[in-house]
Amino acid sequence: MYIRKHILNIPFRCYSSESRINSFIKSKLMSAEDVAQKFPEQITIGASGFTPAGYPKVIPSAFAQRIKNSKNPENFSINLYTGASTGDELDGVLARTGRMKLRIPYQSHPDLRKLINEGKLNFIDMHLSHVGRYIREGIFPPIDVAIIEACDVTPDGRIYLTNSSGMSGTYLSLAKDIYIELNQAHPLEMKGLHDIYLPELHTGRPINIDYVDDRIGTPYVRVNPERIKGIVLTDKFDSSKGFKQPDDASFKIANNILDFILHEVEYGRIPKKLLPFQSGVGNVANAVLACIARDKRFNSIEMYTEVIQDSIFDLLDSDKLRFASTTALTFSAQGQIRFFKEINELKSKFILRPMEISNNPEVIRRMGLITMNTALEADIYGNVNSTHVLGSSMMNGIGGSGDFTRNAYISIFMAPSIAKGGKISAFVPMVSHVDHNEHSVQVMVSEQGLADLRAKTPKQRAKLIIDKCVHPMYKDQLNDYFQHAQRVSFAQHTPHDLKQALSWHVRLQETGSMHPDHQQSQQPTSKDTEKAAKKMDETVPNKK
Ligand code: COA
């Protein structure tokens with residue numbers, strides 16, 4: 001195939017620009033404060049960054065300072081578009097101005113989360129694969145300014161991105177003005193990691209990616225250099241904290257998944273050389289990759305995903321990573337140091353793609369992925385809630401989990417069976433919010449076991465989930481609900497008692513626990529309600 005044969009080796013023939021600060025860059029240099037002064041008071045910003053990777057780190061603080069120093073801070077309003085969540089230097093500083101009015105499409109910053117859940121910030125939680133189209137078609141307000149982190153800029157307008165691709169290509173093509181943060185912490189050898197290709201609107205032309213390592217675009221984003229209004233020099237690492245070491249439950253979940261995959265190989269439903277993996281954000285997702293690295297039954301894997309975290313180093317060290325396609329490299333400080341140090345060898349194993357490609361349903365479906373994402377809670381019929389605590393409090397957002405789940409070859413959802421020391425069961429009669437419905441969720445797994453939900457009726461799914469996934473402390477209770485629902489339900493296809501279906505959530509809200517042993521013995525008085533609200537603050541993470 002033309003693309004594979006002729007473009008595959010691009011990283012190796014890229015660019016040995018010795019001096020980063022060329023005459024073009026010199027002519028555009030500005031301070032972050034000067035850039036911030038140029039911004040309109042009512043501004044829509046399209047920023048680089050996908051998870052805390054490759055986001056701008058100094059211009060947002062300077063803009064926040066300008067707002068703080070202003071006599072009329074109330075005149076300012078900020079719409080912020082990114083790839084996904086970003087670091088404190090962007091999401092945190094702008095949230096704390098109190099002037100952010102719209103945030104899309106994903107976040108995980110505590111200050112933003114607080115504003116969203118207090119109803120003070122409009123957050124649109126959306127499938128990441130939809131973002132580019134919505135913005136290009138003018139469904140969202142147009143972008144005034146793109147602030148993009150880059151590791152190099154050439155006089156003819158080639159912009160080389162850093163640790164993430166995210167939405168940068170689209171924002172660069174649409175923004176009225178472009179400002180670059182040229183981050184010298186990144187080696188110039190980063191050039192060549194990216195493969196920038198933006199799909200056309202309204203055409204049925206296929207996106208020509210058949211294999212995880214196919215290249216179809218350019219290693220830079222090209223813009224008219226006149227649109228670059230300023231360049232600010234920085235030298236800062238991404239502020240990703242890394243993740244907690246996986247706990248025992250995460251390892252058990254991981255092993256249940258690996259056993260299932262090998263079972264599928266045995267039955268010929270997954271080829272021996274396996275299918276590419278997508279692995280979501282979070283600690284459990286990390287544990288799965290760590291387990292593959294340790295497990296002798298797995299030799300070599302490929303990834304087609306949107307976030308690569310530090311757990312990839314376990315796969316590299318065990319020589320099990322054949323290739324990884326992603327839109328972000330979200331490493332801890334140590335991870336970034338290692339990646340930069342080994343960039344020349346590692347470049348042949350990674351591609352960074354725009355979010356429009358990494359999350360594109362067409363490509364995901366064609367490639368046949370094994371997707372693994374995390375649920376906050378799931379119900380007995382296999383509906384999954386990944387985003388809302390008690391149906392109303394936003395955690396992070398759906399991110400790419402819907403793009404991958406709906407189009408997967410095999411879609412797996414995982415969750416520890418209990419949270420908060422057992423006060424919360426991850427498996428409930430009915431989820432309080434649906435992100436992924438029973439039609440898309442094929443496999444459910446906890447540390448207790450794995451339920452293969454494919455080709456099962458709702459009642460068969462309920463039996464399997466209760467039997468395999470639920471924690472022993474909630475098993476009888478959930479089984480009782482299921483039996484009771486079959487007795488009183490309006491119909492028998494998907495039995496529910498609508499009066500009881502959300503009673504576990506109500507109990508959590510009122511008593512601080514889903515477990516009846518924690519239940520208060522009498523009807524709550526107003527004092528009890530205050531106490532319960534306090535308990536909720538201690539129990540539910542978003543209320544902190
Ligand atoms: N109700 C209330 N709180 C719950 C809960 C539930 N049913 N289940 C878990 N929690 C709490 C945990 O106790 C923890 O709280 P803490 O931070 O106070 O300790 C918090 O939620 C996060 O749980 P943790 O087990 O640390 O999860 P994680 O790091 O694996 O993340 C998600 C889990 C669901 C929040 C995360 O995967 C996510 O945001 N997913 C949606 C987006 C996505 O899937 N993107 C990937 C696409 S590539």
Side-chain angles (χ1 to χ4, degrees), residues 50-51 83-85 105-110 113 117 125-129 166 241-250 253-254 277-288 303-309 311 325-328 330 355 358-359 364 369 371-379 384-408 411-428 431-433 435-436 441 446-447 471 474 504-505 507-509 512-514 536-544:
F50 188 104
T51 63
S85 55
Y106 184 84
Q107 57 74 44
S108 63
H109 193 283
R113 190 182 287 148
N117 289 322
D125 177 26
M126 53 194 296
H127 293 305
L128 299 189
S129 67
K241 288 189 221 70
F243 287 87
K244 292 180 260 176
Q245 273 305 311
D247 58 9
D248 195 38
S250 305
I253 292 174
F277 288 89
Q278 175 262 340
S279 165
V281 291
N283 299 314
V284 186
N286 264 320
V288 177
M303 303 208 47
Y304 187 87
T305 192
E306 61 176 34
V307 186
I308 295 280
Q309 301 165 355
S311 49
S325 166
T326 181
T327 194
T330 311
M355 199 162 103
S358 63
N359 287 47
I364 293 169
L369 304 186
T371 67
M372 303 177 294
N373 291 289
T374 311
L376 278 179
E377 61 177 9
D379 67 26
V384 163
N385 170 11
S386 300
T387 56
H388 284 69
V389 172
L390 290 175
S392 57
S393 180
M394 172 55 65
M395 178 70 90
N396 300 330
I398 191 168
S401 55
D403 296 326
F404 285 101
T405 296
R406 180 72 192 96
N407 300 292
S411 65
I412 302 173
F413 267 93
M414 45 206 184
S417 64
I418 48 173
K420 303 290 173 199
K423 288 179 186 159
I424 297 175
S425 170
F427 297 94
V428 291
V431 282
S432 57
H433 172 93
D435 291 296
H436 313 285
V441 177
S446 78
E447 80 289 355
H471 193 278
Y474 283 100
W504 292 30
H505 299 85
R507 190 181 303 129
L508 171 63
Q509 197 167 340
S513 173
M514 284 182 177
M536 269 285 297
D537 283 345
E538 289 158 13
T539 304
V540 176
N542 301 19
K543 301 280 280 181
K544 273 181 203 159

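Remember, it's 1-based here, ligands and their atoms both numbered in the order they're listed. Quick caveat: nothing in here was measured; it's all calculated off a predicted structure.
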Worksheet item: Atoms of ligand 1 less than 4.0 Å from Thr374 heavy atoms?
Response: 30 (O), 33 (C), 34 (C), 37 (O)
Item to complete: Answer with side chain, backbone, both or neither: which part of Ser401 has a heavy atom less than 4.0 angstrom from an atom of ligand 1?
Response: both
Worksheet item: Counting each atom of ligand 1 from 1 as listed, which ones have a heavy atom of Gly397 under 4.0 Å away?
Response: 41 (C), 42 (C)
Worksheet item: Among Val281, Thr387, Asp435, Thr405, whose heavy atom sits nearest atom 46 (C) of ligand 1?
Response: Val281
Fill in: Flag, side chain of Asn396 to backbone of Thr387, donor-acceptor distance under 3.5 Å
no
Response to the item:
If we number the atoms of ligand 1 from 1 as shown, the ones under 4.0 Å from a heavy atom of Gly280 are 46 (C), 48 (S)
Worksheet item: Looking only at heavy atoms, is any part of Val389 under 4.0 Å from ligand 1, and if so is it the side chain, the backbone, or both, or is it neither?
Response: side chain
Worksheet item: Contact between Val307 and ligand 1, counting heavy atoms under 4.0 Å?
Response: no
Worksheet item: Using a distance-only test with no angle check, is there a side-chain donor-acceptor pair under 3.5 angstrom linking Ser446 and Ser417?
Response: no
Worksheet item: Heavy atom under 4.0 Å from ligand 1: found in Asn396's side chain, backbone, both, or neither?
Response: side chain
Worksheet item: Within the structure, does Gly399 bring an N/O atom to less than 3.5 angstrom of an N/O atom in ligand 1?
Response: no
Worksheet, complete the sentence: So the atoms of ligand 1 within less than 4.0 Å of a heavy atom of Ile398 turn out to be 42 (C), 43 (C)
Discussion item. Under a 3.5 Å cutoff, is there a donor and acceptor pairing between the side chains of Glu377 and His433?
Written reply: no
Item to complete: Indicate whether the side chain of Glu306 and that of Asn359 have a donor and an acceptor atom separated by less than 3.5 Å.
Response: yes
Discussion item. Just by distance, no angles: are the side chains of His388 and Ser393 close enough, under 3.5 Å, to form a donor-acceptor pair?
Written reply: no
Worksheet, complete the sentence: Candidates Glu377, Met395, Lys423, Lys420; heavy atom nearest atom 22 (C) of ligand 1 found on Met395
Worksheet, complete the sentence: Taken in chain and number order and not counting sequence neighbours, the residues that satisfy side-chain hydrogen bond (donor to acceptor under 3.5 Å, both in side chains) with Ser85 are none
Worksheet item: Are any of the N or O atoms of Ser425 closer than 3.5 Å to those of ligand 1?
Response: no
Item to complete: Might you point out which heavy atoms bring Ala375 and Val384 nearest each other, and give the distance in Å?
Response: CB-CG1, 3.6 Å
Practice prompt. Closest by any non-hydrogen atom to atom 1 (N) of ligand 1: pick that one out of Thr51, Thr305, Ile424.
Written response: Ile424
Discussion item. Between Gln107 and Asp125, do the side chains contain a donor N or O and an acceptor N or O under 3.5 Å apart?
Written reply: no
Item to complete: Pull out every atom of ligand 1 sitting under 4.0 Å from any heavy atom of Tyr106, numbered as shown with elements.
Response: 39 (O), 42 (C)
Item to complete: List for me each residue that meets side-chain contact (heavy atoms from CB on, under 4.5 Å) alongside Ala249, sequence neighbours excluded, and say none if there are none.
Response: Asp247, Glu447
